[in-house]
Every structure is written in structure tokens, then in C-alpha cells.
Amino acid sequence: QVRLVESGGGLVQAGGSLRLSCVASGVTASNFAVGWFRQAPGQERESVAAITWSGGRIYCADSVKGRCTISRDIARKTTYLQLNSLKPDDTAAYYCAGRYAWTVATDAREYPYWGQGTQVTVSS
């Protein structure tokens, strides 16, 4: 059973940075891609970033492009999302999600495995 656990959220001032972590367990194949999504109250869940298991394919959404770094440590089975120059609009619950595929995906429906989420709050 795949399990994803996020950490690293918190309260940060605008202009600051955060690094979120997602630890995967129970993954049984090497083609496990991870995506990061976020959802603010009253809004739909949106894709933020995604990465293939090897790190060969990376995606960052336009809303965070230039401020987004997604990476992974295969040995630690951990995927990281670093967001810089944070804005109040980045305030949301952030979720990591996983799927067995060689490509990244931005549609939440493509991911069957989800973590519980970590809250990011950016104060102005």
C-alpha cells in the first residue's frame, strides 16, 4: 500500500521561502511520479509541480514558475518542493500525490495516491 506523508508547511512572511517534503512508502516500481497540488478554501485543487521518479521530467505551473524547484532524493524516497518569493496567494493546503507512470501529469484525477496535506500560510 502506497503511503505519502507531507511535511514542511507553516506560516511564513511574504517574500520568504518554504521547502515541503513528501516521503513515499510502499512504492513497488521505479516509475512512480509525484505531483504537488494545492487547494485554498473555496477554490479548486490546482497543480503546482510534478516530477518523474528519475527526475528527468519536471513541471512547474505558470503560477509558480521562476519560484519553484521540485526535486527528489531516491534513496530517501522523498520529493521536495521549494517555493521562493512566497505571496499571500500561495496560501493553501499543499498535497503530494503519486502515480505509477513514466510521465508527469497535472490533472489530479490521474493520481490515485494522496498524502494528508500540509498547510502553507503566507502573511502579507
Side-chain angles (χ1 to χ4, degrees):
Q1 182 73 14
V2 173
R3 184 168 181 243
L4 302 173
V5 180
E6 305 97 331
S7 62
L11 175 64
V12 63
Q13 288 190 332
S17 299
L18 272 181
R19 188 176 80 157
L20 306 180
S21 301
C22 172
V23 179
S25 60
V27 175
T28 58
S30 60
N31 65 330
F32 191 75
V34 172
W36 283 94
F37 293 79
R38 67 185 181 185
Q39 188 167 21
Q43 298 188 18
E44 293 187 357
R45 190 165 295 191
E46 68 166 326
S47 173
V48 178
I51 188 169
T52 52
W53 190 249
S54 66
R57 296 187 184 185
I58 292 175
Y59 163 82
C60 284
D62 287 344
S63 58
V64 296
K65 198 160 287 183
R67 306 187 291 123
C68 161
T69 302
I70 184 169
S71 61
R72 63 196 318 175
D73 183 332
I74 294 176
R76 296 180 184 269
K77 301 180 181 179
T78 301
T79 302
Y80 303 99
L81 174 67
Q82 170 121 6
L83 290 178
N84 302 318
S85 302
L86 285 163
K87 309 172 184 179
D89 284 350
D90 294 317
T91 296
Y94 283 71
Y95 300 87
C96 72
R99 71 183 202 139
Y100 286 107
W102 294 110
T103 59
V104 297
T106 59
D107 189 336
R109 294 170 295 182
E110 306 260 4
Y111 291 87
Y113 307 107
W114 289 82
Q116 81 288 351
T118 186
Q119 179 66 36
V120 171
T121 302
V122 183
S123 63
S124 57

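- Scanning for salt bridge (Lys or Arg N to Asp or Glu O under 4.0 Å) contacts around R99 gives E110, with sequence neighbours left out.
- Residues passing the side chain to side chain donor-acceptor pair (under 3.5 Å) test with N84 are S17, Q82, sequence neighbours excluded.
- Applying the side-chain contact (heavy atoms from CB on, under 4.5 Å) criterion to S123, with sequence neighbours excluded, gives L11, Q13.
- By the side-chain contact (heavy atoms from CB on, under 4.5 Å) test, V23 pairs with T78, sequence neighbours left out.
- The two residues A61 and S47 make their nearest non-hydrogen contact at CB-O, 3.4 Å.
- If you chain together ILVMFWY residues whose side-chain heavy atoms come under 4.5 Å of each other, L81 ends up grouped with V2, L4, V12, L18, L20, V27, F32, V34, W36, V48, I51, W53, I58, V64, I70, I74, L83, L86, Y94, Y100, Y113, V120, V122.
- Residues that satisfy the salt bridge (Lys or Arg N to Asp or Glu O under 4.0 Å) test with R67, not counting sequence neighbours, are D90.
- Sorted by first and then second residue, the salt bridge (Lys or Arg N to Asp or Glu O under 4.0 Å) pairs with a member in residues 12-37 form an empty list; sequence neighbours excluded.
- Sorted by first and then second residue, the salt bridge (Lys or Arg N to Asp or Glu O under 4.0 Å) pairs with a member in residues 39-53 read R38-E46; sequence neighbours excluded.
- By the side chain to side chain donor-acceptor pair (under 3.5 Å) test, R57 is found to be paired with no residue, residues two or more places apart in sequence or in another chain being considered.
- Within the structure, disulfide (SG to SG under 2.5 Å) pairs that include any residue of residues 66-124 comprise C22-C96, C60-C68 (at least two apart or interchain).
- Other residues sharing a hydrophobic cluster with Y111 under the 4.5 Å side-chain heavy-atom criterion for ILVMFWY residues are F37, Y95, W114.
- S124 and A14 make their closest contact through CA-CB, 4.3 Å (heavy atoms, listed as atom of the first residue, atom of the second, distance).
- Shown here are the salt bridge (Lys or Arg N to Asp or Glu O under 4.0 Å) partners of D89, two or more places apart in sequence or in another chain: there are none.
- Between atom OG1 of residue T118 and atom CD of residue E6 there is a gap of 7.0 Å, rounded to the nearest 0.5 Å.
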